[in-house]
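In what follows, chains are A, B, ... by sequence order, proteins preceding strands, each numbered from 1.
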Amino acid sequence: MKQFALMEMSPDAIVVVDGDGTIVFVNAQAERVFGYDRQELVRKGIEALVPERYRHRHVAHRAHYEADPRVRPMGADLELFGRRKDGSEFPVEISLSPVHTPHGVFTVSAIRDVTARKAVERELEEKNLALEHANGAKDRFLAAMSHELRTPLNAIIGFTGTLLMKLPGPLTPDQEQQLTIVASSARHLLSLINDILDVAKIESGKMEVFVESISVAQEVGDVAGALKSLATQKGLRLEVELPDGAAGLTLRTDRRAVHQILINLVNNAIKYTETGSVTVRANTAAIGGKQILALSVTDTGIGIPHDVRDRLFKPFEQLDPSNTRRFEGAGLGLYLCQKLSDMIGGSLSFESEPGAGSTFALTLPMEP
Amino acid sequence: MVVDDNASNRELLLYLLRAFGYEVEGFEGGLAALEALRADRFDLALVDVLMPDIDGYEFARRVKRDPDRRSIALVAVTALAMPGDREKAIAAGFDGYIAKPIDPPAFAGELARFLPPHFSA
């Protein structure tokens, strides 16, 4: 029949059956895909192309289709297989269309060999599993290393501590000064190890969020108090600005996360500022009908160059590699802040003008 | 008593506690410490968690099971810091948890929380 001439040219394998499931036409692609010459297939039942164990089910499917023939893909959720002349099987995708002719209703099935696609899907699944496994191993490794690294630090921080407390006896000024440097380096090392552990915890989904009511004024005050001497040593002013009525302002969130983010931001501000001030502010605003709290840290420091802005929150990025001697730190700070902020449902943003200073802000929703 | 398989950790705690005026004895492992508890009275045990013979949790469980030794105050001193570690310690019978690395100036204050009232440093 004339309709069949078009199907001959189709890139898909086409098999046409009549109302009884008898094959009336196959195109050249179908010959190739199934490994038959068309004379062998015409007038045969379609089930010949179906693996034996599925034939019974296929007959039932056909009857179902005949009752309501429509254009549709065949059993999208079924795993379908075709059977070649040599008995081998391959996965297929099939779509069906009814053709109404004076001789009756015929069903045109377009059959696609999806072996290649299935192989790619399976490989992807295997790779994902391997990746999950590797990530789990990485996190366990980080946790174990963190513990291993902290143990010798116990002796370093502990004994420099006892020496500085002068428990074994008095110290000369030089001894005291040198021990102080050892102690502060050890504490720095400890905070790096803790940061690494925190990042590993967050990324492995093991960091728990503990929500409680915190006083905004107290939180900001604590952070300023903790870093005041660091600022004064550099000749910088560390100021706190709270809105009117801030005394009673409370927020429900994970206090440790907020504390860690603020400490990080203020530390950075002090680090990258040579003269002037670092100001910590708390502001509330209503955006889109929701109350939000913005905790911001503004400095009058060196600012952030435009070409670095995109990389700012990535791990282990330093503002300027040539500055590494001046600015210590492995650069996990902002990355960790970002992760912590995500964890508590907040967002971290910044504005900066090279040479004039920067403002980093943590915005958090204030639930009713 | 101080129970820790690591010599420098033991050394540190023994030194600090003696400097604060306490009488202390150090043990390399949980089993040796349990033995000592049979013979002597101790008011407080500072116990590391990761040890080769029995771990800190097992030590605490055994102590708490023994009616004669139950009154001793148990404090875990450990570098473990994964979520759930503190809860595990309390569940095993520890009265408290001090994180390593310890902070020597603050240590005396932290310790005072766990000592029976008639003690003073």
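Counting heavy-atom neighbours within 6.0 Å of B:K88 NZ, excluding the residue itself, gives a total of 12 or less. Crowding of A:Q218 atom CD: a count of heavy atoms from other residues, nucleotides or ligands under 6.0 Å not exceeding 12. For A:R255, the CZ atom counts as loosely surrounded, since its 6.0 Å shell holds 12 or fewer non-hydrogen atoms of other residues, nucleotides or ligands. Heavy atoms of other residues, nucleotides or ligands lying less than 6.0 angstrom from CD of B:E110 number more than 12.
Rounding to the nearest 0.5 Å places OG1 of A:T162 at 12.5 Å from CZ of B:F107. Atom CZ of residue A:R187 and atom CG of residue B:D103 lie 7.5 Å apart, to the nearest 0.5 angstrom. Interatomic distance, CG of A:N154 versus CG of B:N6, reported as 8.0 Å (0.5 Å rounding). Note that the CD1 atom of B:I102 and the CD1 atom of A:I157 stand 10.0 Å from one another [nearest 0.5 Å].
For B:L50, the part lying near chain A is the side chain, with the backbone staying farther off; criterion is any non-hydrogen pair under 4.5 Å. For A:P152, no part lies near chain B; criterion is any non-hydrogen pair under 4.5 Å.
Of all the listed residues (A:A155, A:G161, A:P168), the one sharing the greatest number of non-hydrogen pairs under 4.5 Å with chain B is A:P168.
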Q.
Checking B:L16 against A:L167 for the side chain to side chain contact (heavy atoms under 4.5 Å, CB included) test, could you report, in this order, the C-alpha distance in whole Å, the side-chain angles of both residues, the deciding distance, and whether it holds?
A. CA-CA 8 Å; B:L16 259 181; A:L167 292 173; 3.9 Å; yes
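For B:A79 against A:T151, the heavy-atom pair with the smallest separation is CB-OG1, 4.3 Å.
Side-chain contact check for B:P104 versus A:F159: every heavy-atom pair is 4.5 Å or farther apart.
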